[in-house]
**Q** 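Quick one: this structure, given as structure tokens, is what I'll be asking you about.
Just so you know, these numbers come straight off a predicted model, no measurement behind them.
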Amino acid sequence: MKFKNIILAIAILFTAVGCTENFDELEKDPVALSANPAGQLTFTQLCMSGDGYYQWRANLIYSGGFVQHYSGAWNQTEYGNKFKKSDDYATAIWRNGYANELKNVVDILDKTSGNPAMVNMNAVAKIMKVMVAQRLTDLYGDIPYSQAGKGFSEGIVTPKYDTQEEVYTAFFSELDEAYNQLNAGGGSVKGDLFYNGDISKWKKLANTLRLRLGMRLSEVKPQEAEKQVKAALQNGVFESNLDNCIMKHLDATFSDNPAAIDFRGNGLAYAFVGNEHGDHFSSLVIDYLRDNGDPRLTMLATPKTTSALPGKGGQPVQPGEKLYEGVRPGSFQWEVPGGATASSGIQSYFKQKTTPYLHVSYSETQLLLAEAAHRGWVTGTSAAEYYKKGVEAGIKQLLIYGATLPFQTDIDAYLNAKPLVAGTEKEQIGTQLWITYIFNSIEAYSNQRRTGFPHLLPITNPDSETGGVVPTRLYYPNDEMQKNETNYLDALSRMGGTNDWLNKVWWDAN
């Protein structure tokens with residue numbers, strides 16, 4: 001999308017929302033329709049979860065399939081579970097992430113640099129730049145970063161690919177700068193749909209992202225990982241679910257046409273609706289929740305409505321049958337014994353245009369700290385206590401979607417029955433993170449590659465293009481060879497020599 005079209009899209013967004021609470025302040029802003037930092041911040045935040053194009057392809061089909069959150073729908077099973085290549089799916093987030101998101105945050109940085117009245121807006125843009133680019137580098141590896149988004153401002157149309165190690169070094173520097181910049185006298189942050197300009201929340205987000213990224217280096221640079229985790233904790237990370245970074249979406253038209261997306265609605269919900277009656281939680285998810293007595297089972301999934309017993313297809317669930325069954329990864333929903341209705345569905349409140357999107361959570365924070373404590377990197381609170389808080393927060397965060405919370409006594413009973421057990425800490429923590437990230441499969445896919453947990457079910461489909469081997473990255477758009485040949489080839493020389501999705505990213509030492 002050209003820059004002028006992005007500005008047009010921003011104008012359309014502001015003129016279409018009417019008097020919705022989250023947009024009232026911007027509606028009254030006399031310059032809200034121009035290419036100003038407030039409008040660009042709003043647009044970027046909307047894109048990150050309202051982009052139905054890449055939420056469907058990069059999040060649901062590929063990441064959700066690779067990490068076995070979902071199975072059953074044709075596209076999700078055929079490509080995401082069986083590991084078949086689709087250039088459209090593999091490059092969706094690259095194309096829209098750079099064109100719509102990174103370009104705008106880089107532009108905000110350029111406009112606010114050196115302006116004492118916009119110190120806080122500049123800091124927020126640095127945090128947003130990290131949030132946008134983190135998904136790109138974790139999915140692809142080496143990426144254009146230091147020179148990215150500067151085609152309009154500096155005429156750089158063939159940006160170099162920074163190594164992933166260089167990108168992560170820049171992340172830590174920028175998050176630290178942003179944290180130290182943010183202050184009560186640094187000007188207001190208009191257009192902020194995450195925290196409505198609350199500087200204290202943004203400071204916590206900067207540190208919590210630093211914690212996430214620090215743990216991402218646990219296997220490749222453990223000393224640097226420990227340093228970053230300690231700094232994040234000392235500066236102050238999320239303290240409760242009230243700190244969660246959430247995008248509250250609006251009742252807007254669903255679309256995944258890159259030229260006509262209305263980003264105000266939840267893009268992942270759009271993908272669920274697009275795959276209606278196809279997407280199901282995988283058997284790996286349902287079996288884990290059901291067999292462990294996890295109260296999230298009924299909050300996430302619906303019971304099956306017909307029997308899976310031989311000769312009982314289409315009939316009511318029979319006495320003694322399990323009410324909750326997932327679809328085995330690599331299987332289509334019509335291949336389930338008894339048919340699609342003999343497996344659990346996804347609760348309807350996750351499929352609404354207004355469904356919120358959870359970017360960063362307190363549950364994630366506590367579970368990552370549990371792993372850090374287990375490694376001996378942080379002290380004062382035990383790994384078991386961090387773990388317990390993380391699991392509890394993971395249950396309670398589902399309240400934002402409209403789920404009914406269990407009684408606290410039931411939550412406590414579950415937590416007491418399933419504590420962190422010596423000898424299995426990394427597996428338990430990694431698996432709980434996988435559940436906490438269930439609607440952010442991109443993040444789950446990264447963490448699973450880092451830790452190896454949970455153990456995924458083997459894919460034995462004979463038509464798998466990788467022989468059942470889970471891809472370890474997404475491959476670059478092939479037209480990079482024409483658009484940015486020298487830098488593209490330089491990146492490939494560092495990443496195995498070919499544009500292959502079985503090559504590993506730098507931090508993946510598992």
**Q** Should Gln134 and Glu443 be marked as a side chain to side chain donor-acceptor pair (under 3.5 Å) after you check the CA-CA gap, both sets of side-chain angles, and the distance that decides it?
**A** CA-CA 10 Å; Gln134 182 227 319; Glu443 193 60 34; 3.0 Å; yes
**Q** Taking ring-ring contact (aromatic ring centres under 6.0 Å, His included) as the definition, give me every residue that meets it alongside Trp506, ordered by chain and number, with sequence neighbours left out.
**A**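 With neighbours one apart ignored, the set is empty.
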**Q** Under the side chain to side chain donor-acceptor pair (under 3.5 Å) test, which residues partner Asn122, sequence neighbours left out?
**A**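 Counting only residues at least two positions away or on another chain, Asn122 forms a side chain to side chain donor-acceptor pair (under 3.5 Å) with Thr112, Gln181.
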**Q** So how far is it from Asn266 CG to His249 NE2, rounded to the nearest 0.5 Å?
**A**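 If I round to the nearest 0.5 Å, the distance is 4.5 Å.
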**Q** Answer yes or no: does atom CD of Gln234 have more than 12 heavy-atom neighbours from other residues, nucleotides or ligands under 6.0 Å?
**A** no
**Q** Going through the checks in order, is the side chain to side chain donor-acceptor pair (under 3.5 Å) test met by Asp138 and Tyr168?
**A** CA-CA 10 Å; Asp138 285 351; Tyr168 262 73; 2.7 Å; yes
**Q** Which pairs count as ring-ring contact (aromatic ring centres under 6.0 Å, His included) when at least one residue sits in residues 100-139, sequence neighbours excluded?
**A** none
**Q** For Asp51 and Phe263: C-alpha separation, side-chain torsions, deciding distance, then whether side-chain contact (heavy atoms from CB on, under 4.5 Å) applies.
**A** CA-CA 6 Å; Asp51 192 322; Phe263 300 95; 3.9 Å; yes
**Q** Check Pro159 against Asn484 and note the closest heavy-atom contact, atom names and distance.
**A** O-ND2, 2.8 Å
**Q** When you look at Asn81 and Ser71, which way does the side chain to side chain donor-acceptor pair (under 3.5 Å) test go after all the steps?
**A** CA-CA 7 Å; Asn81 284 165; Ser71 186; 2.8 Å; yes
**Q** Quick check: Trp56 with Tyr270 (ring centres under 6.0 Å apart)?
**A**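 Centroid distance Tyr270-Trp56: below 6.0 Å, so yes.
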**Q** Of all the heavy-atom pairs spanning Val285 and Ile435, show the shortest one and how long it is.
**A** CG1-CD1, 4.5 Å
**Q** Could you report the tightest heavy-atom contact between Leu41 and Met121, atom names first, then the distance?
**A** CD2-SD, 4.0 Å
**Q** Ion pair present between Asp479 and Arg95, side-chain N to carboxylate O less than 4.0 angstrom?
**A** yes
**Q** My understanding is that only residues two or more places apart in sequence, or in another chain, count here; which of them pass ring-ring contact (aromatic ring centres under 6.0 Å, His included) with Phe439?
**A** Phe350, Tyr401
**Q** Taking atom OG1 of Thr436 and atom CD of Glu364, what is their separation to the nearest 0.5 Å?
**A**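 With rounding to 0.5 Å, OG1 (Thr436) is 8.5 Å from CD (Glu364).
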**Q** Tell me whether Ser173 contacts the main-chain N or O of Thr169 through its side chain, where contact means a donor paired with an acceptor under 3.5 Å.
**A**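 No; zero donor-acceptor contacts below 3.5 Å.
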**Q** Relative to each other, are the rings of Tyr476 and Tyr140 parallel, tilted or perpendicular (30° and 60° limits)?
**A** parallel
**Q** Check step by step if side-chain contact (heavy atoms from CB on, under 4.5 Å) holds for Asn440 and Leu358.
**A** CA-CA 8 Å; Asn440 186 354; Leu358 181 58; over 6 Å; no
**Q** Just by modelled atom types, is the Gln68 backbone N or O under 3.5 Å from a matching donor or acceptor in the Ser282 side chain?
**A** yes
**Q** Check whether Asn120 reaches the backbone of Asn183 with its side chain - one donor and one acceptor, N or O, closer than 3.5 Å.
**A** yes
**Q** How about Tyr79 and Tyr62: are their ring centres within less than 6.0 Å of each other?
**A** no
**Q** Any Lys/Arg nitrogen of Glu101 or Arg135 sitting under 4.0 Å from an Asp/Glu carboxylate oxygen of the other?
**A**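 Answer for the salt bridge query: yes.
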**Q** With Phe194, which residues qualify under ring-ring contact (aromatic ring centres under 6.0 Å, His included), at least two apart?
**A**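 Phe194 satisfies ring-ring contact (aromatic ring centres under 6.0 Å, His included) with His359 once adjacent residues are dropped.
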**Q** Would you give the length of the straight line joining atom CZ of Phe43 to atom CD1 of Ile108, rounded to the nearest 0.5 angstrom?
**A** 11.0 Å
**Q** In chain order, what residues pass the side chain to side chain donor-acceptor pair (under 3.5 Å) check against Lys85, with sequence neighbours excluded?
**A** none
**Q** Run the numbers on Arg375 and Glu226 for salt bridge (Lys or Arg N to Asp or Glu O under 4.0 Å), then give the verdict.
**A** CA-CA 9 Å; Arg375 292 173 178 269; Glu226 179 179 358; over 6 Å; no
**Q** Atom CD1 of Ile143 and atom OG1 of Thr163: how far apart are they, to the nearest 0.5 Å?
**A** 10.5 Å
**Q** Could I get the full list of side chain to side chain contact (heavy atoms under 4.5 Å, CB included) partners for Ser493, not counting sequence neighbours?
**A**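 Residues passing side chain to side chain contact (heavy atoms under 4.5 Å, CB included) with Ser493: Asp490.
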**Q** Do the charged groups of Arg57 and Asp256 touch, with an N to O distance under 4.0 Å?
**A** yes
**Q** Mind checking whether Gln347 and Leu300 have side chains closer than 4.5 Å, heavy atoms only?
**A**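 SC-SC contact between Gln347 and Leu300 ruled out.
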**Q** Under the rule for ring-ring contact (aromatic ring centres under 6.0 Å, His included), what residues qualify as partners of His374, not counting sequence neighbours?
**A**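 Once residues adjacent in sequence are excluded, His374 has no partner under the ring-ring contact (aromatic ring centres under 6.0 Å, His included) criterion.
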**Q** Return each pair, listed once, that meets side-chain hydrogen bond (donor to acceptor under 3.5 Å, both in side chains) where at least one residue sits in residues 236-247; pairs must be two or more places apart or across chains.
**A**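 As it turns out, the side-chain hydrogen bond (donor to acceptor under 3.5 Å, both in side chains) pairs with a partner in residues 236-247, which skip direct neighbours, are Lys201-Asp243, Lys204-Glu239, Lys204-Asp243, Asn241-Asn244.
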**Q** Does NZ in Lys84 sit with more than 12 non-hydrogen atoms of other residues, nucleotides or ligands closer than 6.0 Å?
**A**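 Yes.
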**Q** OH/Tyr53 to SG/Cys47 distance, rounded to the nearest 0.5 angstrom?
**A**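 It is 14.5 Å, given to the nearest 0.5 Å.
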**Q** Could you tell me which residues satisfy salt bridge (Lys or Arg N to Asp or Glu O under 4.0 Å) with Arg210, sequence neighbours excluded, listed by chain and number?
**A** Asp176
**Q** Once side chain to side chain contact (heavy atoms under 4.5 Å, CB included) is applied, do any residues pair with Lys353, and if so which ones, sequence neighbours excluded?
**A**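 By the side chain to side chain contact (heavy atoms under 4.5 Å, CB included) rule, Lys353 matches Asp251, Phe254.
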**Q** Under a 4.0 Å N-O cut-off, is there an ion pair linking Glu371 with Arg450?
**A** yes
**Q** Taking side chain to side chain donor-acceptor pair (under 3.5 Å) as the definition, give me every residue that meets it alongside Lys426, ordered by chain and number, with sequence neighbours left out.
**A**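 Lys426 satisfies side chain to side chain donor-acceptor pair (under 3.5 Å) with no other residue.
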**Q** Distance check, rounded to the nearest 0.5 Å: Arg216 atom CZ versus Gln164 atom CD?
**A**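 CD of Gln164 is found 9.0 Å from CZ of Arg216.
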**Q** Sub-3.5 Å donor-acceptor pair from the side chain of Asn447 to the main-chain atoms of Trp434, do we have one?
**A**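 No.
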**Q** State whether Tyr145 and Lys129 meet the cation-pi test: NZ (Lys) or CZ (Arg) under 6.0 Å from the six-membered ring centroid, and within 45° of the perpendicular axis.
**A** yes
